[in-house]
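Reminder, nothing fancy here: chain letters follow the sequence lines and each chain counts from 1.
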Amino acid sequence: MSEPLPNPGAETTATTTSWRLIAALGGVALLCGVLIVTAFQSTLDPIAKNRRIALERSIFSLIPEGVSLHIYAVSAQGTTLLRPGQAMPKEAQRVYAVYDAHRHLRGLVAEAGAVGYADVVRVLYAYDPHQQAIVGFAVGAHRETPGIGDKIRTDADFQKNFVALDARLDASGQALAHPIRTVKHGSKRNPWEIDAISGATITSRAVGRGINDSASTLLPRLHPHLNNLESPP
Amino acid sequence: MTELRSAPHERLGVSVESIMLNVVLALLPIALFSIWLYGLSALALLITSVVVCLATERVFNRLSGQSSTLSDWSAMITGILLALVLPPSFPLWMTAVAAVVAMGLGKILFGGLGMNVFNPALVGRAFVQAAFPSAIATWVPSYAPNRFHEFIPTTLTQPLMIPPDITAWVKAVSADAFTGATPLAMWKFQHQLTAPEDLILGIATASVGETSAMLILVCGLYLALRGMLDWRIPVGMMGSAVILASAFHLYNPDFFPPPVFVLLSGGLMLGAMFMATDMATSPVTPLAVWTYAILIGVVTVLIRYFGGLSEGVMYAILFGNALAPLLDRSLPTRVFGRRKPWRVGS
Amino acid sequence: MKPGEHTLTAFENFMEGIWKQNPVFVMVLGMCPTLAVTVSAINALGMGLATTFVLVFSCLLVSVIRNWVPKEVRIATYIVIIASFVTVVDYAIQALSLGLYEALGAFIQLIVVNCIILGRAEAHASKHPPLTAVVNALGMGIGFTIGLFALGGVREIFGTGTLFGISLFGPGFQPWIVMLLPPGGFFVLGGWLLLFAWWKMRKEAKDGA
Amino acid sequence: MERREEIEAPGALPSRQDGRPSRPFRLSSYIVSLFRRKSFARGVHPDTHKSTAGKPIRRLPYAPRISLPLAQHIGKPAVPLVRPGEEVVRGQPIARADGFLSVPLHSPVTGRVEAIRLHPSASGAWVESIIIRAYDSSTQEVLWREPRDMEALAPEEILAAVKECGMVGLGGAAFPSHVKLSIPPERRIHTLVVNGCECEPYLTCDHRTMIEHPADLLRGIGYAMRAVGAQRAIIGVEDNKPDAVAVLTPLLPADGRVTIEMVRTKYPQGAEKMLIKSLLGLEVPAGGLPLDIGVVVNNVGTLTLLGRLLPAGEGLTERVVTVTGPAVKRPGNFWVPLGTPIRHVLQCSGALDGEAHAELEVVLGGSMMGQAITSLDAPVTKGVTGILVYDREWISRETATKVYPCIKCGECVQACPMGLNPALLGMLAAKRDYDSMSADYHIADCFECGCCTWVCPSGIPLVQQFRVAKGLLRARAA
């Protein structure tokens, strides 16, 4: 290092007054505060836009026929349309209702998450209310092992599980007729089972469990009010 | 009087070259048997691994301005051992990568012969295990009828490219129900045991050189009898693995496999005879040697039973390697006329 | 400057961080982001540029107010200043590209405690006029960016077969998964360090001859 | 060697060794005992090269001129009693001991003192020596003796007689025998160990001595036992010398106080500490002496000559030397007068016929611990057990091996009789970390037997490094 060493003779010996210290810190803080607020204000809109675009892109990738979407809050009390800027009520689940060019409901997209091998695996899954089946899923942020756990994104066989994953409700309408289960690779027998990726069982199970947890509370609440969602508001 | 040598004036006459050459000789039957089992692909794998190991050592010799160190045969041993722990279908270009990593990262980076902390062949193998997890878990049947005039399709994969899917090829060449899983994986994931005679004779699915427990035992015995292999390491390692496996088996015979299966399957035998005994990476003091050997055996069984992988020998040995210098220092020899061997200092 | 030490020219001052005291390859600083975010060239560049931005502006501000801030609260003000610029960068990246933001993740915020920046502010900017400080910071930032890029580029090429997302080897490429894992970061860093040491050794040998 | 630590004396000895009656040698019991041969841990098995074992000890023609260094023993050099020009007869004292740790010298020839001056010694240094020219016409009989009645002597008187005869350890150490046999009053010696192992390759002088002079040996053992107050003596012989055991066994005294015990042929079985361990199962504490555990060790060569010289009242003027090695044409064991130039011995045994001297390596001692000498003019001294000569062919074969880095094979650890870790010590020596070698890894316990270097496949000169390290540490401590 070529930095000069501090020269003891040059140091001021007089103690700095408290007032100066506060003034210096305060001044810097003020300056920085202005800086941050300016940055925040000027990026607020582009960031919101970016987020919306990213979300819409992944939602429409699950339901390719979709052209528009609306957000609903689903709780035990029923479904509520969320206008942009409106806050999400507590205890409610967010559902994106996707409509095609003819303003028909093409599907619903919800969020799910469960602990995988490394961290929580967050997925979006698409539910088709007409088939009563899960028809696709997309992985959000995750930290699963590249080449093993992240096969859930790429493994074609695994994706095939979600062409029509049975998610019918039972007779009472209070629960899924068959809980969605992840089974060992090669032993899928029923339409509500997910065939795990060989060698990436833990991540596969996380996806299945996450979707099951989410769907088993969401769908019974959603079904009585499906009519409200049939066409865009 | 020009000659003024310092005592002793005579030597035993066993040199590094002769030890290494004998290890190469002991590995040859295993290599030949693997060629008999897997044909052209195993041959190509062995040649690639050895040639790339030698070339890497030579290139690094050049770069560091040393004279060639190929004559000590140690690079040759790494080459053969590396080939023996890879699956027979492993693409040649990946083998070359493993060999470069084995020599460069596993040996030369530490300062060359005798200075390396980890067994170079296992470093190479661990690297490709992490880099190409699917290729290293692709298995083919032994005694394929066309093995002497046809390569396994994956062997000749173009450099940097994904090996082709060989499911169809495997179905075509395997006579009976070949599952494409190693005995250990079959036990771990399907809960099926392979017959011990298949393990002994090398019919079970395995890496190139892990197949025949019998042959490995004989070759290891040759070295041990010539005093070029520390018999305590295989004995301690296999002994501890068998004892621990027996305990588990007695506790729950339905879940845990019999100890003979643990002993004969996977790379335990090869690892115990030829990997853990690598002189540079194993301890020297008697207590440390036993501790090291027993530790590797125990860790192997624990990884196999409770880890995410079906085979644990490689990581167990690498773990043992890492501890070896520490063991040597914390478990010193008892000096004649002194007490408390484990306490350094007087 | 110590008496007798020759004053660095602006160019030497700039090159300091790129070559002689490269933060990644010579000083081996800031390893946390270095290993974590360098799985692709674009991540590495993004991280490097973000750091450079924070570095340059923090050093500028620190240098401007250097005579005004008492030494008792020096570190506190530096942290506040650095944190502010990091927040600005954080928002800016979110506004520019959400993809990059997600890839860099928590490491943007971690720039706050990046030892390179605090080190530069304390060791250089607080003792030099603004222009010198900015030139030095720019050199350091670019040096850091080059370092990250060297890691990220190699890891992306082997890990995914692409560079800046452009496929290099065609569709059949076999990714080297280990390169995307933390150990891969260590391997590549080790490789570069080795290369640097070797270069240096050869240069010294040549100079000596 | 003077260091004597207070170490707890061992309790009762294994009773097996006590009072065992002497028995005649039987081949069957020898074969049985082969399988439960006593030994120490580790050690090595070099080729023994004992081709001279079957050859009787012969005499060489006298050298015309001899040189007697005043310091042929450990301790202070002797002080000359003669002047140049003076006539001396064989056996006459020509130098007196200078203090306790010193021994006198006796003239090995009848002749005239030529000079007292510096003369080359085996180590290469020139040392103060008495040069005597032998009379051609002399019969070279011992003409100076004062016979004494040994039975009448008290232990102190025996010690005085031992000192007077100029005896030192003839096994190679050349430590004054009377010092070794002097036991501090607070110590009690229970066993005299008689070292007949001769574990060094090539050497057979002790072996031949046991075969040819068993009566002298047993007499010498008796004197030493009385001097140290030991109740019993054990002769330890390596099991490659069954003929020596066969000769000695019938002669053992009937009271069973002297026994003979075969130990495994293994190097360095003849090292004091190793032999005590093999025979008695006792370990001499680190840094201590055998007498700390109630044992005194003497070499068979020393005791044989004591048995012969003490009653006759003669001085030590000659010793048995093994002359052997690849370059020696007529190898054998010889009674060599002290001071005889090595050149003379080699000429007589055919080692210098035709060969250019520069092509040879001449070693005093055996192949494991012997020292190569720089000058053939150096004399045979009291500590010379053998002269080993290598020819060019042998040397180039031995030096052809390349030196490799340590591959940590651990062979040295399995060889070191002291239980040290030579591999680690070697690495520390390479790093010049002498403090750690001494403090943590006990380099001081190394007695330089050379086993580590002998086995090392990398050809690392371990024992040489240790010698350097020990020297430096000693110099630093001084």
Is there side-chain contact between [X] and [Y], with at least one heavy-atom pair below 4.5 Å?
X: B/T285; Y: D/N421; result: yes
X: B/R329; Y: D/D440; result: no
X: B/S71; Y: D/K402; result: yes

In Å and rounded to the nearest 0.5 Å, what is the [atom1] to [atom2] distance from [X] to [Y]?
X: B/R11; Y: D/S367; atom1: CZ; atom2: OG; answer: 12.0 Å
X: B/D72; Y: D/I407; atom1: CG; atom2: CD1; answer: 9.0 Å
X: D/C451; Y: B/L12; atom1: SG; atom2: CG; answer: 11.0 Å
X: B/T333; Y: D/Q414; atom1: OG1; atom2: CD; answer: 11.5 Å
X: D/K277; Y: B/F336; atom1: NZ; atom2: CZ; answer: 6.0 Å

Interface moiety of [X] toward chain B, non-hydrogen atoms closer than 4.5 Å:
X: D/C406; result: backbone
X: D/L420; result: both
X: D/P417; result: backbone
X: D/E411; result: side chain
X: D/C456; result: backbone
X: D/M369; result: backbone
X: D/F447; result: neither
X: D/F40; result: neither

Side-chain donor-acceptor contacts of residues 108-118 of chain B below 3.5 Å, not counting sequence neighbours, with atom names and distances?
unit_1	atom_1	unit_2	atom_2	d
B/N116	ND2	B/F118	O	3.2

Discussion item. Taking every non-hydrogen pair under 4.5 Å, which of B/S15, B/S6, B/G227, B/G337 racks up the most with chain D?
Written reply: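 Going by pairs under 4.5 Å, I would pick B/G337.
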Worksheet, complete the sentence: Residues of residues 314-328 of chain B with a heavy atom under 4.5 Å from any heavy atom of chain D, in residue-number order, are none
Worksheet item: If contact means a heavy atom pair closer than 4.5 Å, which residues of residues 270-282 of chain B contact chain D?
Response: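 Counting heavy atoms that sit under 4.5 Å from chain D, the residues of residues 270-282 of chain B involved are B/M279, B/A280, B/S282.
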For residues [X] and [Y], report the shortest heavy-atom separation together with the two atoms involved.
X: D/G370; Y: B/A7; answer: O-CB, 3.3 Å
X: D/G410; Y: B/V284; answer: CA-CG1, 3.6 Å
X: D/V413; Y: B/P286; answer: CG1-CD, 4.3 Å

Worksheet item: Using 4.0 Å as the upper bound for N to carboxylate O, is an ion pair formed by B/E10 and D/R397?
Response: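 Salt bridge flag = no for B/E10 with D/R397.
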Discussion item. Under the rule for side chain to side chain donor-acceptor pair (under 3.5 Å), what residues qualify as partners of B/D230, not counting sequence neighbours?
Written reply: B/R232
Worksheet item: chain B: which of D/M274, D/R42, D/R467 shares the most heavy-atom pairs with it under 4.5 Å?
Response: D/R467
Item to complete: Indicate yes or no for a side-chain donor-acceptor contact from B/H9 to the backbone of D/V363 under 3.5 Å, with no hydrogens or angles considered.
Response: no
Discussion item. Atom CD of residue position D/Q371 - does it have more than 12 heavy atoms of other residues, nucleotides or ligands inside 6.0 Å?
Written reply: no
Item to complete: Evaluate whether atom CH2 of B/W73 has more than 12 neighbouring non-hydrogen atoms of other residues, nucleotides or ligands under 6.0 angstrom away.
Response: no
